[in-house]
Enquirer: 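First, the structure itself, so that you have it in front of you.
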Amino acid sequence: NIPVIAIDGPTASGKGTVAHKVADRLGFHYLDSGALYRLTALMALRRATELSDEHALAKLAEHLPASFSGGEILLAHENVTQLIRAEEVGNVASKIAALPAVRQALFALQLGFRRAPGLVADGRDMGTVIFPHAQLKVFLTASTEARAQRRYKQLIDKGFSANIEDLLSDLKARDDRDTYRAIAPLMPAEGAHLLDTSNMTADEAVEEVLKWYAH
Ligand code: C5P
């Protein structure tokens, strides 16, 4: 019975950093499920696939030539680790993530990340849909302002340009789309531990998660 820790939450809540560090500490594998939606979005953008063409988008997701190695994300043989973090890619990802056929196409791929000795899965529906029997479920939140600041810093550090006002409105639009969609809406899973990281460092959040896991 391979353990899974599901860490869900809204965009820029810090879950990527926290989930990654928890995985490192436990020597577990790490699933960045958002990256799968972003990779599908990047392919759709490049091929100019209509965002209303659910069938075509699901086909892209189903045959996603994605690989993850040592923190790098590859699409076919191209390193797109930085590219998929662009706001435009994130926005398209959240639009196509509302399409049931796209979610279905990525389902089996995500289950495949569960390998010994364990998995830390990061996303929106890890605890609600993909790994409902996870040993530990965490729902990370942070205030909209704290998240906009984090996103700003992330983008600037990665060499993108950014503006706080635009980020705040993008963030709210993305939250609304993720929360009010009909399929796999963003919400805490049953039994999830809530963690508000607005005034916490990533390392403090990691300690909290590890403490819950140990109990
Ligand atoms: O977490 P990240 O910002 O990379 O995710 C990009 C988008 O992918 C999210 O806004 C969300 O709409 C979608 N997503 C999802 N389910 C997941 C992970 C991400 O719907 N498990």
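First listed ligand is number 1; within each ligand, the first listed atom is number 1.
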Enquirer: Can you tell which of Ala93, Gly123, Ser33, Gly9 gets a heavy atom nearest to atom 7 (C) of ligand 1?
Expert: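 Among Ala93, Gly123, Ser33, Gly9, the closest heavy atom to atom 7 (C) of ligand 1 belongs to Ala93.
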
Enquirer: Which atoms of ligand 1 sit under 4.0 Å from any heavy atom of Lys15?
Expert: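 Result: 1 (O).
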
Enquirer: Tell me whether Glu145 is salt-bridged to Lys172, with the criterion being a basic N under 4.0 Å from an acidic carboxylate O.
Expert: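 Salt bridge absent between Glu145 and Lys172.
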
Enquirer: Report yes or no: does a heavy atom of Arg181 sit under 4.0 Å from some atom of ligand 1?
Expert: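 For ligand 1, residue contact (heavy atoms, under 4.0 Å) with Arg181 is present.
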
Enquirer: Using modelled atom types only, decide if a donor and an acceptor are shared between the side chain of Ser69 and the backbone of Glu72 within a distance under 3.5 Å.
Expert: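 Side chain of Ser69 to backbone of Glu72, a donor-acceptor pair under 3.5 Å: no, none is there.
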
Enquirer: List the closest protein heavy-atom neighbour of atom 6 (C) of ligand 1: residue, atom name, distance to the nearest 0.1 Å.
Expert: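 Answer for atom 6 (C) of ligand 1: Arg38 NE, 3.9 Å.
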
Enquirer: Looking only at protein heavy atoms, which one is nearest to atom 8 (O) of ligand 1, and how far off is it?
Expert: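 Minimum-distance protein heavy atom for atom 8 (O) of ligand 1 reads Tyr37 CB, 3.6 Å.
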
Enquirer: Check whether Gln135 reaches the backbone of Pro3 with its side chain - one donor and one acceptor, N or O, closer than 3.5 Å.
Expert: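 No; judged by distance alone, with no hydrogens or angles, the pair does not exist.
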
Enquirer: Taking heavy atoms and a distance under 4.0 Å, where does Arg124 meet ligand 1: side chain, backbone, both or neither?
Expert: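 The part of Arg124 near ligand 1 is both the backbone and the side chain.
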
Enquirer: Is Arg181 reaching over with its side chain to a backbone N or O of Ala184, donor-acceptor style, under 3.5 angstrom?
Expert: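 Checked: pair present.
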
Enquirer: Going by distance only, is there an N or O of Asp122 that falls short of 3.5 Å from an N or O of ligand 1?
Expert: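 Min N/O separation from ligand 1 is not below 3.5 Å for Asp122.
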
Enquirer: Check this for me, if you would: do Arg147 and Asp175 make a salt bridge, where the nitrogen-to-carboxylate-oxygen distance has to be below 4.0 angstrom?
Expert: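 Yes, charged N to carboxylate O under 4.0 Å.
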
Enquirer: Using heavy atoms and a threshold below 4.0 Å, how should the contact between Arg151 and ligand 1 be classified: side chain, backbone, both, or neither?
Expert: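 The answer is neither; Arg151 stays 4.0 Å or more away.
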
Enquirer: How about Arg174 and Ser94: does a side-chain donor come under 3.5 Å of a side-chain acceptor?
Expert: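 Their side chains do not contain a donor-acceptor pair, so the 3.5 Å distance test is not met.
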
Enquirer: Quick test of your reading of the structure: of Ala97, Ala173, Ala41, whose heavy atom lies closest to atom 13 (C) of ligand 1?
Expert: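 Looking at heavy atoms only, the winner is Ala97.
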
Enquirer: Within ligand 1, which atoms have a heavy atom of Gly34 less than 4.0 Å away?
Expert: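 Those qualifying, in numeric order: 4 (O), 5 (O), 18 (C), 19 (C).
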
Enquirer: Taking Glu190 first and then Lys137, would you say they form a salt bridge - that is, a charged N and a carboxylate O separated by under 4.0 Å?
Expert: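 Looking at Lys137 together with Glu190, the answer is no, because their closest N to O distance does not fall below 4.0 Å.
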
Enquirer: If only atom types and distance count, is the side chain of Thr179 paired as donor or acceptor with the main-chain N or O of Asp176 below 3.5 Å?
Expert: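 Checking the backbone N and O of Asp176 against the side chain of Thr179, no donor-acceptor pair under 3.5 Å is found.
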
Enquirer: Can you name the atoms of ligand 1, numbered from 1 with element, that are less than 4.0 Å from a heavy atom of Arg174?
Expert: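 Matching atoms, with element in brackets: 3 (O), 10 (O).
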
Enquirer: To check your reading of the model: name the closest protein heavy atom to atom 16 (N) of ligand 1, its residue, and the distance in Å.
Expert: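 Going by distance alone, atom 16 (N) of ligand 1 is nearest to Arg103 NH2, 3.0 Å.
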
Enquirer: Within ligand 1, which atoms have a heavy atom of Met126 less than 4.0 Å away?
Expert: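 Answer, ordered by atom number: 21 (N).
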
Enquirer: Minimum distance, heavy atoms only, to atom 21 (N) of ligand 1: which one of Leu31, Val102, Asp125 is it?
Expert: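 Considering heavy atoms of Leu31, Val102, Asp125, the nearest to atom 21 (N) of ligand 1 sits in Asp125.
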
Enquirer: Which atoms of ligand 1 are found less than 4.0 Å from any heavy atom of Thr11?
Expert: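 Near Thr11, meaning under 4.0 Å from one of its heavy atoms, ligand 1 has 3 (O).
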
Enquirer: Do His20 and Tyr30 have ring centres separated by under 6.0 Å?
Expert: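 Between Tyr30 and His20, which both carry aromatic rings, the centre distance is below 6.0 Å.
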
Enquirer: If I apply the N/O under 3.5 Å rule, does Asp178 come out as touching ligand 1?
Expert: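 Looking only at distances, the answer is yes, because the N/O contact criterion of under 3.5 Å is met.
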
Enquirer: Between the main-chain N or O of Phe139 and the side-chain N or O of Asp8, is there a donor-acceptor pair closer than 3.5 Å?
Expert: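 Answer holds: no.
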
